[in-house]
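These notes concern the structure reproduced below.
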Amino acid sequence: VPITLAVLPCLLVAVGDRRFALPMHSVTVAQADAPDAVAHAEGREVVWVGDEPVTISNLHETLGVDGTPTPGAPVVVVASVTRRHAFRVDAILGQSDVVVKGLGRLLPRLDVLAGASVEPDGSILLVLDAPGVIERARLARAGSDRISAAIDEELRPRVRHGSILVVDDALTVRELQRSILERHGFEVRLAGDGVEALALLAERPADLVLTDVEMPRMDGFALTEAIRAQPTLANVPIVVLTSRADEEDRQRGLEAGADGYIIKSAFDETGLLAVLDRLLGRRS
């Protein structure tokens, strides 16, 4: 017997002046007001789900709806079979059992929609398809005009080797960098400031040091100078990754002995990996 209707428990959200429904089986986390869970790291916004950073996109942009959520707006994390992604919305309106009907053959298939429902006031409530919304957000970040071969290449990162010491006083930044680097095959150790970094390097040198500048006890410039002053560490490549964008600061970092100087606001994963490959390749 053909079935065209289904009843789904859904999370209702407001995006601009519209309401949308997300099936509850695809909702991992709904953060109505949790500023501590959201971090700004490496030029992008992430929310921590357990020990994993999940990228945040605005659902407005993903769906092509006018408007922008205010800072601190709610975040909803949804999951497909293989991916998780977080979306900012204007408001979380609660849960409801929604009678979902397919859009039928008269309308072209839209990858972000699972169906629709008629609300009591006669308006149409669109039910979002989590895998489709996640894929559209991912493609928007990577560039929607990329061909599938380029996307496949992005999903199969090169296997890299080498040990990297990440030095940053912000836990969220350290863990995000660890996640990126370990995913690409690097061995990663973490330090919260320059003093701790020197202690770890004394125990076992690293193939490369990736350091912030503004840290307690010993900042990144002093750490760079201290590493260069030790004969056993003098040739270790050092990359400064900082929010300080002034040319004076960049020059100071290079004069201290840094091999690279990256501004966090301009940070992207591909660019960082290119710098690391260049510096580590020079040593091999």
Shortest non-hydrogen contact between [X] and [Y], atoms and distance:
X: V240; Y: A258; result: CG2-CB, 3.8 Å
X: R84; Y: A79; result: CG-CB, 3.7 Å
X: Q177; Y: L210; result: OE1-CD2, 3.5 Å
X: G132; Y: V112; result: O-CG1, 3.9 Å
X: A86; Y: V75; result: CB-CG1, 3.7 Å
X: T224; Y: G257; result: CG2-C, 3.6 Å

**Prompt:** By ring pair (Phe, Tyr, Trp, His ring centres under 6.0 Å), which residues pair with F87, not counting sequence neighbours?
**Reply:** H85
Starting at [atom1] of [X], measure out to [atom2] of [Y] and round the result to the nearest 0.5 Å.
X: L128; Y: L59; atom1: CG; atom2: CG; value: 6.0 Å
X: S243; Y: D212; atom1: OG; atom2: CG; value: 6.5 Å
X: L12; Y: M24; atom1: CG; atom2: CE; value: 10.0 Å
X: L223; Y: M215; atom1: CG; atom2: CE; value: 6.0 Å
X: D259; Y: L208; atom1: CG; atom2: CG; value: 7.5 Å
X: Y261; Y: D249; atom1: OH; atom2: CG; value: 4.5 Å

Tell me, do [X] and [Y] make a side-chain contact under 4.5 Å, heavy atoms counted?
X: I56; Y: V54; value: no
X: F186; Y: V166; value: no
X: L233; Y: P205; value: yes
X: L241; Y: K264; value: yes
X: F221; Y: E214; value: no
X: L198; Y: Q230; value: yes
X: V209; Y: V167; value: yes
X: V27; Y: V77; value: no

**Prompt:** Can you list the residues that meet the salt bridge (Lys or Arg N to Asp or Glu O under 4.0 Å) rule with D90, with sequence neighbours excluded?
**Reply:** none
Donor-acceptor pair, [X] side chain versus [Y] backbone, under 3.5 Å?
X: E196; Y: G192; answer: yes
X: D168; Y: A170; answer: yes
X: S96; Y: V98; answer: no
X: S117; Y: V99; answer: yes
X: T62; Y: N58; answer: yes

**Message:** Please determine whether side-chain contact (heavy atoms from CB on, under 4.5 Å) holds for the pair L113 and V127, giving the CA-CA distance in whole Å, both sets of side-chain angles, and the decisive distance to 0.1 Å.
**Reply:** CA-CA 6 Å; L113 296 182; V127 181; over 6 Å; no
**Request:** Kindly work out whether a path of hydrophobic side-chain contacts (I/L/V/M/F/W/Y, heavy atoms less than 4.5 Å apart) joins V213 to L171.
**Result:** no
**Request:** Could you give me the CA-CA distance, side-chain angles and deciding distance for R252 and E255, then say whether salt bridge (charged side-chain N to carboxylate O under 4.0 Å, His left out) is met?
**Result:** CA-CA 5 Å; R252 181 181 173 188; E255 289 176 354; over 6 Å; no
Under-4.0 Å salt bridge between [X] and [Y]:
X: E203; Y: R189; answer: no
X: E175; Y: R178; answer: yes
X: D193; Y: R217; answer: yes

**Request:** Assess whether side-chain contact (heavy atoms from CB on, under 4.5 Å) is satisfied between V76 and V13, documenting all intermediate values.
**Result:** CA-CA 9 Å; V76 178; V13 298; 4.3 Å; yes
**Request:** Assess whether side-chain contact (heavy atoms from CB on, under 4.5 Å) is satisfied between F20 and V89, documenting all intermediate values.
**Result:** CA-CA 10 Å; F20 293 91; V89 299; over 6 Å; no
**Message:** So for atom CD, which belongs to E247, do other residues, nucleotides or ligands contribute more than 12 heavy atoms lying within a distance under 6.0 Å?
**Reply:** yes
**Request:** Scan residues 7-20 for pairs that pass side-chain hydrogen bond (donor to acceptor under 3.5 Å, both in side chains), counting only residues two or more places apart or in two chains.
**Result:** R19-E119
**Item:** Residue pair D169, R174: steps toward the salt bridge (charged side-chain N to carboxylate O under 4.0 Å, His left out) verdict
**Value:** CA-CA 8 Å; D169 62 328; R174 293 198 304 269; over 6 Å; no
**Request:** Test V275 against I262 for side-chain contact (heavy atoms from CB on, under 4.5 Å), laying out the working first.
**Result:** CA-CA 9 Å; V275 171; I262 301 175; 4.3 Å; yes
